[in-house]
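So that the names make sense, note that chain A is the first sequence line, chain B the second, and so on, each numbered from 1. Below, each value reflects all heavy atoms present in this structure, side chains not excepted, and no hydrogens, waters or symmetry copies.
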Amino acid sequence: MEKSNPFTDRVLEIIRAIPRGKVLSYGQVALLAGAPRGARQVGRILYARGRSVPWQRVINRYGGLSTYKVGTGPEQRALLEKEGVVFTKDGIVDLKKYQWRPGAHMIEKLQLPEDVVFEINRKLPFQK
DNA sequence: ATCTTGACTTGCC
DNA sequence: CGGCAAGCCAAGA
C-alpha cells in the first residue's frame, strides 16, 4: 500500500474536495498539492489508494480517461455519468464545462508557496 | 546504486 | 487536441 506521507495525504484531501459532477486533471491535483510536476505520482497514488476517494473525478488533461490502461475505464465513465457528466462522441469530457475551480478559501487553506498559487491562477482559469 | 516503468504533461509541429 | 519526443519523479527490481 502507498506510504502515508504529507504529499499523499494532501492529494487525497484535494480529491475529496472535488464536488460531484466536477473533475480535475492529475496535473491540477498535483499542483494544488504543492507539486507542480507530480502528475504521475497522483496517478500512482490513485492506483494504490483510489478506492478511498472519489477517484472517478480525476482525469487527464485532454478530458480523457487514463484508466482504460488499467481496466477501470468503463467503471469510471459510468460513475461520472451517474453524477451528471456528459461525454462527447469521442469519449472525452469537456473540461471547459466540468473542470472544478477551487474557491479562494480552499487555496488559502492549503498554505501554498506564492509561485504555486501563481501557477494555479494560470492553469485553472475561469472559463465560460 | 543503477535501470526500467508508468491512472502524466508540455512543447512543437 | 491528433502525433511524437522529451521531461518528470517515485516505486520496484
Side-chain angles (χ1 to χ4, degrees):
Chain A
M1 182 179 270
E2 188 79 12
K3 244 189 296 186
S4 180
N5 60 53
F7 176 64
T8 300
D9 293 340
R10 303 196 86 188
V11 165
L12 297 177
E13 174 190 2
I14 288 158
I15 294 174
R16 268 189 280 259
I18 306 174
R20 271 179 65 87
K22 289 293 177 183
V23 299
L24 229 44
S25 74
Y26 296 91
Q28 291 165 341
V29 170
L31 191 55
L32 289 169
R37 285 165 293 289
R40 306 195 86 136
Q41 282 62 272
V42 172
R44 189 169 39 69
I45 289 166
L46 285 180
Y47 181 74
R49 314 187 45 172
R51 300 292 154 165
S52 63
V53 292
W55 60 279
Q56 72 273 23
R57 297 177 193 151
V58 184
I59 64 184
N60 66 41
R61 67 177 257 90
Y62 297 114
L65 307 186
S66 298
T67 49
Y68 282 108
K69 289 194 271 191
V70 290
T72 49
E75 184 187 357
Q76 181 171 22
R77 175 164 177 157
L79 285 170
L80 284 174
E81 290 181 323
K82 190 162 21 173
E83 48 189 73
V85 175
V86 177
F87 285 70
T88 68
K89 301 160 183 94
D90 313 303
I92 65 169
V93 173
D94 182 0
L95 290 175
K96 296 266 191 285
K97 191 172 178 183
Y98 299 105
Q99 181 177 91
W100 178 48
R101 181 136 189 1
H105 180 278
M106 175 102 202
I107 304 290
E108 195 173 329
K109 194 176 73 170
L110 292 173
Q111 301 267 15
L112 298 165
E114 191 179 333
D115 55 329
V116 172
V117 174
F118 180 80
E119 277 301 296
I120 290 174
N121 286 322
R122 185 172 75 79
K123 302 180 100 175
L124 292 176
F126 282 111
Q127 313 234 25
K128 181 75 210 359

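The nearest heavy atom of DNA chain B to A:Thr72 and to A:Tyr62 marks one nucleotide each, and the one closer to the 5' end goes with A:Thr72.
The phosphate of B:dT9 has neither OP1 nor OP2 within less than 4.0 Å of any side-chain N or O from A:Lys123. Note on A:Arg44: every side-chain N or O is 4.0 Å or more away from OP1 and OP2 of B:dA7.
We find that OH of A:Tyr68 is positioned 13 Å from C1' of B:dA7, with the value rounded to whole Å. Between A:Leu31 atom CG and C:dC9 atom P there is a gap of 14 Å when expressed in whole angstrom units. Between the CG atom of A:Leu46 and the C1' atom of B:dC8 there is a distance of 12 Å, given to the nearest Å. For the pair A:Ile45 CD1 and C:dG12 P, the interatomic distance rounds to 12 Å; values are reported in whole Å. Rounded to an integer number of Å, the gap from A:Leu24 CG to B:dT9 C1' is 15 Å. Residue A:Gln41 contributes atom CD, which lies 12 Å from atom P of B:dA7 at whole-angstrom precision. Separating the CG atom of A:Leu65 from the C1' atom of C:dC1 is a distance of 16 Å, rounded to the nearest angstrom. Rounded to whole Å, atom P of B:dT9 lies 13 Å from atom CG of A:Leu32.
Among the protein residues, A:Ser25 comes within range of the sugar-phosphate backbone only, with heavy atoms under 4.0 Å from sugar or phosphate atoms but none that close to a base. Using a 4.0 Å heavy-atom cutoff across all strands shown, A:Arg61 reaches at least one base atom of the nucleic acid.
The closest side-chain donor-acceptor pair between A:Gln56 and A:Glu75, if any, does not fall under 3.5 angstrom.
Salt-bridge check for A:Glu83 with A:Arg57: passed, with a basic side-chain N closer than 4.0 Å to an acidic carboxylate O. Note on A:Glu119 versus A:Arg122: salt bridge recorded, some NZ/NE/NH1/NH2 to OD/OE distance being below 4.0 Å.
A cation-pi arrangement is found for A:Arg77 relative to A:Phe87, the charged atom lying closer than 6.0 Å to the ring centre and inside a 45° cone about the ring normal.
Distances from the side chain of A:Ile92 to the nucleotides C:dC8, B:dA7, C:dC1 place C:dC1 closest.
Scanning all heavy atoms of the two residues, the minimum distance from A:Ile15 to A:Pro54 falls at CG2-O, 3.7 Å.
A donor-acceptor contact under 3.5 Å is formed by the side chain of A:Arg40 with the base of B:dC8.
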